[in-house]
Amino acid sequence: MRAESKSYTGIDCFRMIAAVLIIAIHTSPLGTYSELGDFILTRVIARVAVPFFFMTSGFFLISRYSYKSDKFMMFLKKTALIYGAAILLYIPINIYNGYFKMENLLPNLIKDIVFDGTLYHLWYLPASLAGGALAWVLVRKSGFHRAFAVTAVLYLIGLFGDSYYGLAENVPVLGGFYTLWFQVSDYTRNGIFFAPVFFVLGGWIADAQTHIRPAVSWTMCIVMLLFMLAEGLLLHHFQVQRHDSMYFFLLPCMYFLFQALLSFRGKRHVWLRDVSLLVYSIHPMMIVVIRLAAKVLHLQTLLVENSIVHFLAVTVTSVSFSVAAAACWQRFGRRKNEQHKGADRAYIEINLDNLTHNVKVLREAMPPKCELMAVVKAQAYGHGMYEIAAHLDRIGVRAFAVATVEEGIALRRFGVRGELLILGCTPPERANELRRYDLSQTLVDYDYACRLNAQGVQVKAHIKLDTGMHRLGFWVPVESDTGKEVQKLSRVFAMKNLIINGIYTHLCVADSQDEKDILFTRQQIARFYKVVNRLKKQGIHIPKTHIQSSYGLLNYPELKCSYVRAGIALYGVLSTPDAQTKLHLNLKPVLSLKAQIVLIRKVRQGDSVGYGRDFVADRDSRIAIVSIGYADGLPRILSGRGHNVLINGQQAPIVGRVCMDQLAVDITALSNVSVGMTVTLIGRDGDREIAAPVVAEQAQSITNELLSRMGARVVVREI
Ligand SMILES: *Cc1c(COP(=O)(O)O)cnc(C)c1O
């Protein structure tokens with residue numbers, strides 16, 4: 001969602017500015033005019049360029065939620081390839097410079113390939129590889145706070161081997177450390193000390209989604225740049241610098257610069273990514289070319305000795321060459337990509353803005369200290385567990401519930417934080433996994449609690465009370481006064497391997513407004529609190545309590561618990577179309593189900609369509625074949641009931657039997673329908689909407705079942 005649905009014009013365009021700043025570093029445009037001016041431009045201001053590239057890569061690649069590493073692996077592969085190509089490209093220049101004649105060639109070659117680059121500017125590529133990989137691992141393993149702390153310390157170590165070296169040089173242990181390090185690499189400005197913190201910072205900005213107002217970020221960026229300038233001039237003046245890539249104020253400056261760039265809205269220019277990388281890679285070649293040309297044409301005074309003209313000549317040739325090369329590349333690349341374009345045959349669209357809206361609405365309906373526990377079992381009710389959970393985590397939901405231990409582990413791997421409750425029964429033998437992934441296990445009865453405790457591993461748990469549903473939970477006969485069962489419960493609280501963080505129950509007729517059902521529900525609630533109060537009387541500290549699921553909140557909003565376990569309502573729908581509830585919340589559906597027309601055919605009156613010849617055309621008809629079937633989650637029972645789908649904002653009935661992968665729709669009455677058009681099976685198209693609860697009812701089921709059975713084959717798209 002991050003990269004596709006927003007515009008990153010500012011970032012795209014700054015890539016070119018950064019590339020030109022790097023040319024400036026290597027050509028010193030002000031060199032012939034002012035030494036100070038040149039220092040300010042190339043040794044201070046232009047130092048934002050390389051960190052900017054690292055941050056951009058981090059922004060698009062490093063995320064605590066990127067559980068799949070393919071995109072990141074692609075980045076590593078591409079960078080390594082470019083690095084390899086660049087090394088080869090510059091071999092002639094290396095030969096000319098006498099590179100291969102140096103002493104200790106092999107160790108130096110290894111050192112250059114791993115850290116410093118075989119030509120001065122190439123260090124950026126191995127630094128990208130090492131810095132990116134380090135940042136990725138740190139963020140995935142320990143989250144942004146720790147990753148930032150670690151990489152910031154690395155940066156600090158780097159700083160004292162770079163701009164602040166003069167201060168560290170003569171300190172006994174420090175000086176020794178840096179002397180040792182400079183045997184390994186010529187600088188500290190590399191993939192270990194310099195790059196990682198910017199990768200982490202870029203990813204952090206992307207994940208945190210906190211946007212600073214443009215005016216504030218620009219002001220802060222300029223203030224930090226001025227501080228950096230003062231820092232650079234001071235260090236320069238006192239001749240502390242060994243090298244001049246790293247400054248203390250570079251970090252805050254980059255943070256605010258990046259935030260400022262994010263405030264630009266407009267068209268994306270992704271192609272500038274390739275152009276800027278090309279400019280970066282080939283400009284040293286252009287420096288050589290310009291020098292050669294100047295020699296041949298006897299124009300050295302103008303083209304080489306005049307620093308501004310030299311800089312401009314290198315910039316113009318590098319940029320022109322890169323634009324031309326990128327254009328060729330894109331043509332070739334585009335042809336390759338087209339094979340993957342075109343609509344997916346059957347897909348779910350999830351609207352994350354609606355999900356955010358529902359979270360807000362539910363929270364407003366909850367009592368003040370109550371927290372939302374998002375129920376994301378069964379692929380988040382068929383919506384795609386990764387997409388839903390990552391978004392909820394990002395917007396600050398800190399409690400989740402799932403049905404199985406596998407789902408719990410998956411959520412942790414997706415990067416989800418906070419309380420994570422398993423509602424079902426996990427084999428006690430898997431206690432180790434519960435602990436390793438910091439999952440809370442539901443204790444379903446006394447015997448189960450004993451077995452889990454006996455595993456010898458400390459595990460977090462919530463006690464479930466059976467207050468009348470008679471599914472999972474401790475049954476506590478509160479009417480009798482034996483107190484035996486309550487004794488058992490208090491024993492569970494004392495078990496040394498169980499950390500009891502919650503106690504809860506589940507209501508079984510909370511969706512009904514029937515008088516009898518309301519009475520039953522009130523009994524369930526009363527029973528729950530009776531047990532809780534008895535435990536309290538025994539001096540037991542009562543952990544977090546929760547009773548309500550979606551309908552529990554909608555019909556019994558007055559309860560004051562620690563959590564509401566919301567499932568179906570979170571997804572913006574109710575179980576049935578005519579649900580009567582006490583609260584009427586303005587929830588918005590998150591999911592749409594869509595497919596496409598793959599074929600339009602004419603059938604004559606009397607022809608049949610599909611299996612069993614159930615549908616026979618009573619007139620000459622046009623039939624659209626749609627690429628979705630019951631294996632994708634559209635119930636077969638909808639066959640032959642005149643159930644409608646939407647095409648082009650118009651209704652059209654399904655005819656014949658729904659197949660495993662296809663279905664047929666009668667479009668005789670529709671105008672302007674063509675192959676490739678989108679068919680909406682659940683969701684909105686123009687003025688019309690097919691609501692999930694209506695489809696569920698037609699299929700003799702409830703929305704919960706319909707959604708959670710969405711096939712594994714459908715693609716999930718975020719909008
Ligand atoms: C599935 C489930 C929920 C969520 O129910 P909704 O009606 O979808 O809100 C809550 N609690 C338990 C125990 C569940 O199994």
Side-chain angles (χ1 to χ4, degrees), residues 355 358-359 361-363 365-366 370-383 385 388-389 392 397 399-405 407-408 411 419-426 439-445 448 461-474 501-513 517 521 524-525 528 544-557 559 561-577 579-583 585 587 589-591 692-693 696 701-710:
L355 183 63
N358 296 339
V359 167
V361 166
L362 288 170
R363 280 181 172 160
M366 285 161 21
C370 181
E371 273 184 78
L372 176 70
M373 181 181 273
V375 182
V376 292
K377 60 192 179 188
Q379 285 301 322
Y381 290 43
H383 289 61
M385 190 155 71
I388 296 292
L392 291 173
V397 173
F400 293 84
V402 292
T404 71
V405 63
E407 290 175 335
L411 281 194
E419 179 71 13
L420 216 168
L421 175 65
I422 298 172
L423 299 167
C425 209
T426 305
L439 306 171
S440 293
Q441 175 56 45
T442 293
L443 302 177
V444 298
D445 72 354
Y448 180 83
H462 288 217
I463 292 173
K464 184 164 190 183
L465 299 180
D466 172 15
T467 51
M469 182 165 180
H470 299 329
R471 195 174 61 175
L472 301 179
F474 290 69
N501 284 335
I503 183 162
Y504 75 101
T505 191
H506 195 47
L507 307 174
C508 53
V509 276
D511 56 336
S512 167
Q513 295 285 57
D517 294 333
T521 303
Q524 277 194 283
I525 296 167
F528 178 78
K544 300 216 161 164
T545 55
H546 42 119
I547 298 175
Q548 304 134 291
S549 56
S550 297
Y551 279 99
L553 175 69
L554 294 175
N555 286 328
Y556 302 88
L559 293 181
C561 295
S562 321
Y563 291 120
V564 165
R565 302 183 305 270
I568 197 72
L570 187 62
Y571 305 104
V573 282
L574 294 180
S575 300
T576 53
Q580 295 299 316
T581 54
K582 208 159 150 187
L583 281 189
L585 301 181
L587 299 166
V590 174
L591 175 143
S701 180
I702 55 169
T703 320
N704 311 43
E705 186 195 7
L706 175 75
L707 295 181
S708 66
R709 291 176 66 136
M710 285 295 147

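As the structure lists them, so they are numbered: ligands from 1, and atoms in each ligand from 1.
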Minimal non-hydrogen separation, L420 against G408, with atom names
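Closest approach of L420 to G408: CD1-O, 3.8 Å.
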
Grab the two heavy atoms, one from E407 and one from A378, that are nearest each other, plus how far apart they are.
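In terms of heavy atoms, the two residues are closest at OE2-N, 2.8 Å.
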
Less than 4.0 Å is my threshold; does some heavy atom of R471 fall inside it relative to ligand 1?
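Yes.
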
Touching ligand 1 at all, A569? Heavy atoms, strictly under 4.0 Å?
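Flag not set, A569 not near ligand 1.
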
Should Y571 and I388 count as side-chain neighbours, where that means a heavy-atom distance under 4.5 Å?
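Y571 vs I388: side chains touch.
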
Hey, can you tell me if H546 and Y504 have their rings parallel, tilted or perpendicular (30° and 60° cut-offs)?
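It falls in the parallel class, under 30°.
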
Please work out whether any backbone atom (N, CA, C, O) or any side-chain heavy atom from C-beta onward of [X] is under 4.0 Å from ligand 1, and answer side chain, backbone, both or neither.
| X | answer |
| --- | --- |
| S575 | neither |
| Y381 | side chain |
| L423 | side chain |

For R565, the ligand 1 atoms whose distance to one of its heavy atoms is below 4.0 Å:
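The atoms of ligand 1 under 4.0 Å from a heavy atom of R565 are 4 (C), 9 (O), 10 (C), 11 (N), 12 (C), 13 (C).
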
Give the residue and atom name of whichever protein heavy atom lies nearest to [atom], and the separation in Å to one decimal.
| atom | value |
| --- | --- |
| atom 12 (C) of ligand 1 | H506 CE1, 3.4 Å |
| atom 14 (C) of ligand 1 | K377 NZ, 3.0 Å |
| atom 9 (O) of ligand 1 | S550 OG, 2.5 Å |

Please name all residues satisfying side-chain contact (heavy atoms from CB on, under 4.5 Å) with V359, sequence neighbours left out, ordered by chain then number.
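So V359 forms a side-chain contact (heavy atoms from CB on, under 4.5 Å) with R363, L372, L392, I395, V397, L570.
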
Could I get the full list of side-chain contact (heavy atoms from CB on, under 4.5 Å) partners for L472, not counting sequence neighbours?
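Applying side-chain contact (heavy atoms from CB on, under 4.5 Å) to L472 gives V444, K464.
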
Please determine whether a side-chain nitrogen of the Lys or Arg among K544 and E419 lies less than 4.0 Å from a carboxylate oxygen of the Asp or Glu.
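A salt bridge is absent here (no side-chain N lies under 4.0 Å from a carboxylate O).
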
Please say whether I568 places an N or O atom under 3.5 Å from an N or O atom belonging to ligand 1.
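Yes, since at least one N or O of I568 sits under 3.5 Å from an N or O of ligand 1.
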
